[in-house]
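Residue numbers start from 1 in every chain, and the chains themselves are labelled A, B, ... in the order their sequence lines are given, proteins ahead of strands.
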There are 2 protein chains.
Amino acid sequence: MKLSANEEYGLRCLVRLAYAGFEERALTIPEISQAEGVSPAYAAKILRVLRKGGFVKAARGKEGGYTLARPAASIRIGDVIDALGGRLFESDFCDSHAGQAPICTRSVDCSVRSLWRAVQVAVDQVLSKTTLRDLLQNEEEMNSWVRTIPGANGLRLIQ
Amino acid sequence: MKLSANEEYGLRCLVRLAYAGFEERALTIPEISQAEGVSPAYAAKILRVLRKGGFVKAARGKEGGYTLARPAASIRIGDVIDALGGRLFESDFCDSHAGQAPICTRSVDCSVRSLWRAVQVAVDQVLSKTTLRDLLQNEEEMNSWVRTIPGANGLRLIQ
DNA sequence: CCTAATCTATACTTAATAGTCAAGATTACT
DNA sequence: AGTAATCTTGACTATTAAGTATAGATTAGG
Ligand code: FES
Ligand code: FES
C-alpha cells in the first residue's frame, strides 16, 4: 500500500499543465521533463498514460505540446489515480490472492475483505471529491479545503 | 497505490492465529500454509515479518508453532499494515521522488503533498481504529462496525 | 520539398516485490 | 543419545514496476 512513482509524477505533470492552461499555453516534453526533474523519455511515458486516460491531449510537430483535454474542474483526481496506478483494492484482488485454494477459504464471509473495502471507501472519499482545480491553490489553502470533505471531518493533517 | 501480497496474506494469517488463540492452540507453518493456500516457504516468510513486528511469537521444536504475542484487542491493524507493507505516503516520499532536482520544485508549497497527507490520514482513520479483535466477526458485523468509525461516518460499503 | 521540433510506439535495462529452496537450529519424545 | 517435527536464515528465481533507448510519424515554416 504505497503511492507509486506513476501516481506522483503523473499528478504533478497534470498540475503543471493546468497552470500552463491559464495562459493557453501548451507544454512540451522537454519543458515538463525539466520542470519535474525527470528524464524526457520517462516524462513521455507518463504523459502517454495521461493521454490514454483522456486527461490531456497532445499536438505533434513544431509548436506542439500537451494541454489539458478538459477544464481542470471537471478532472476528478480519483479518476486520474485510477489511470496512473489502479485501485487500492481491485475487484479481482481476492481471486488473485487465493494461493492454490480456489479462493480465500473464508471468502463467503470475510471480515478482512470488509476492511479493505472500508479503506478503499475512505480513500475514494477524499480523491473523488477532489478535482484538479482544487489542486491549484497553495498548500495552506489546500489543507483547509481538504478538511471540508464530508466524511473526512476532523482529519488532522499534522504528520 | 495497491494492497500488497504481504499485507493481504499477513493479515489473514493473523486472523487465523487469533481464532486459534480462543482454544489456546498454536498453529504450525504447514497448517497455516494449507489453510491460506500458499506454500509453506512463503507462509514462513510472512510469519517472520509478523514475528519481527512483535505481533506473533514462535515456539520451535515438536509441539511448536505460532501464537499471538498479545491479546487481539491490543493489536492495531494500522501497526500490522505498517510492518507488512509500509506507509502509503512515507515521510521521505517527496525527497525520493524529486528526480534529478534536489526536491519537488514546488516543495515549499505543494498542494499535491497536502493531498497525499489527506489520503494517508483517511486511511489511518480506519486502520488505527481497528484492532485484530474487531476482525473476529463475520463480514456483516464488520460492515456495520466499520461505519461507526468516527470520521468515517456515512461510508457506503456497497462497491 | 526539406528541415527541425515535436509527439508515438516498442523494446530494452534496472530495481523492487513476490515467491522458492536448501541447510541449519531448537525442542519433545522415546 | 537419536529422531522427527518444528521454526530460522540467507540465497536464489520469477514477476512486476521504474526508468532508458531508439526508431518512426506528424506538423510548422522556409
Ligand atoms: S475474500 Fe479476500 S481476504 Fe478473504
Ligand atoms: S513536495 Fe512532494 S509532490 Fe511536491
Side-chain angles (χ1 to χ4, degrees), chain A residues 1-10 12-13 17 20 25-34 36-53 55-67 69 81 83-86 90 92-93 96-101, chain B residues 1-10 12-13 17 20 25-34 36-53 55-67 69 81 83-86 90 92-93 96-101:
Chain A
M1 190 163 25
K2 289 188 163 127
L3 285 174
S4 72
N6 259 12
E7 285 160 346
E8 167 77 352
Y9 292 126
R12 267 154 57 170
C13 291
L17 285 170
R25 213 160 72 78
L27 296 182
T28 67
I29 284 175
E31 282 171 332
I32 296 171
S33 142
Q34 185 161 34
E36 294 301 343
V38 301
S39 75
Y42 190 30
K45 187 173 180 177
I46 291 163
L47 267 304
R48 175 145 98 127
V49 177
L50 291 174
R51 175 170 52 84
K52 298 218 160 180
F55 306 112
V56 306
K57 61 186 172 198
R60 295 217 246 191
K62 242 184 149 165
E63 309 293 299
Y66 289 90
T67 50
I81 298 301
L84 289 166
E90 301 274 4
D92 69 342
F93 184 81
S96 60
H97 290 79
Q100 288 131 350
Chain B
M1 188 162 28
K2 290 189 161 123
L3 285 174
S4 72
N6 259 11
E7 285 160 345
E8 168 76 353
Y9 292 126
R12 268 154 57 171
C13 292
L17 286 169
R25 212 160 72 79
L27 295 182
T28 67
I29 284 175
E31 281 171 333
I32 295 172
S33 141
Q34 184 160 33
E36 293 302 341
V38 301
S39 76
Y42 189 30
K45 189 172 180 177
I46 291 163
L47 268 303
R48 175 145 94 131
V49 177
L50 290 174
R51 176 170 50 85
K52 297 217 160 180
F55 306 110
V56 306
K57 61 187 174 199
R60 296 216 245 191
K62 236 181 152 170
E63 309 293 298
Y66 290 89
T67 50
I81 299 300
L84 290 166
E90 301 274 4
D92 69 343
F93 184 82
S96 60
H97 289 79
Q100 288 131 352

Nearest 0.5 Å please: distance from the [atom1] atom of [X] over to the [atom2] atom of [Y].
X	Y	atom1	atom2	result
B:Tyr66	B:Arg51	OH	CZ	6.0 Å
A:Glu63	A:Thr28	CD	OG1	11.0 Å
A:Leu3	B:Glu90	CG	CD	9.5 Å

Mind calculating the distance between [atom1] ([X]) and [atom2] ([N]) to the nearest angstrom?
X	N	atom1	atom2	answer
B:Lys45	D:dT8	NZ	P	15 Å
A:Ile46	C:dA9	CD1	C1'	16 Å
B:Arg60	C:dA23	CZ	C1'	13 Å
B:Leu3	D:dA17	CG	P	14 Å
A:Glu7	D:dA17	CD	C1'	12 Å
A:Gln34	C:dT6	CD	P	13 Å
B:Asn6	D:dT15	CG	P	18 Å
B:Tyr42	C:dG19	OH	C1'	6 Å

| task | Measure from the side-chain heavy atoms of B:Ala44 and tell me the nearest of C:dG19, D:dT20, D:dT8. | result |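 Ranking C:dG19, D:dT20, D:dT8 by closest atom to the B:Ala44 side chain puts D:dT8 first.
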
| request: Say whether, by atom type as modelled, one donor and one acceptor occur between the side chain of A:Glu8 and the main chain of B:His97 under 3.5 angstrom. | output: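 No: the side chain of A:Glu8 does not pair with the backbone of B:His97.
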
pair [X]-[Y]: side-chain heavy atoms closer than 4.5 Å:
X	Y	result
A:Leu17	A:Thr67	no
A:Leu27	A:Val56	no
B:Ser4	B:Leu84	no

| query | What parts of residues 25-32 of chain A reach DNA chain C, counting only heavy atoms under 4.0 Å away? | reply |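 When residues 25-32 of chain A is checked for heavy atoms under 4.0 Å from DNA chain C, the hits, listed by number, are A:Leu27, A:Thr28, A:Ile29, A:Pro30.
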
| Of A:Ala41 and A:Ser4, whose closest DNA chain D nucleotide lies nearer the 5' terminus? | A:Ser4

| Considering heavy-atom distances to DNA chain D, does B:Lys2 or B:Gly65 have its closest nucleotide positioned more toward the 5' end? |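 Whichever sits nearer the 5' end wins; that is B:Gly65.
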
| Could a donor-acceptor pair under 3.5 angstrom be found where the side chain of A:Lys62 meets the base of D:dG29? |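 A donor-acceptor contact between them is absent.
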
Answer yes or no: does a side-chain N or O of [X] lie under 4.0 Å from OP1 or OP2 of [N]?
X	N	value
A:Arg48	C:dA9	yes
B:Arg51	D:dT8	yes
A:Tyr66	C:dT8	yes

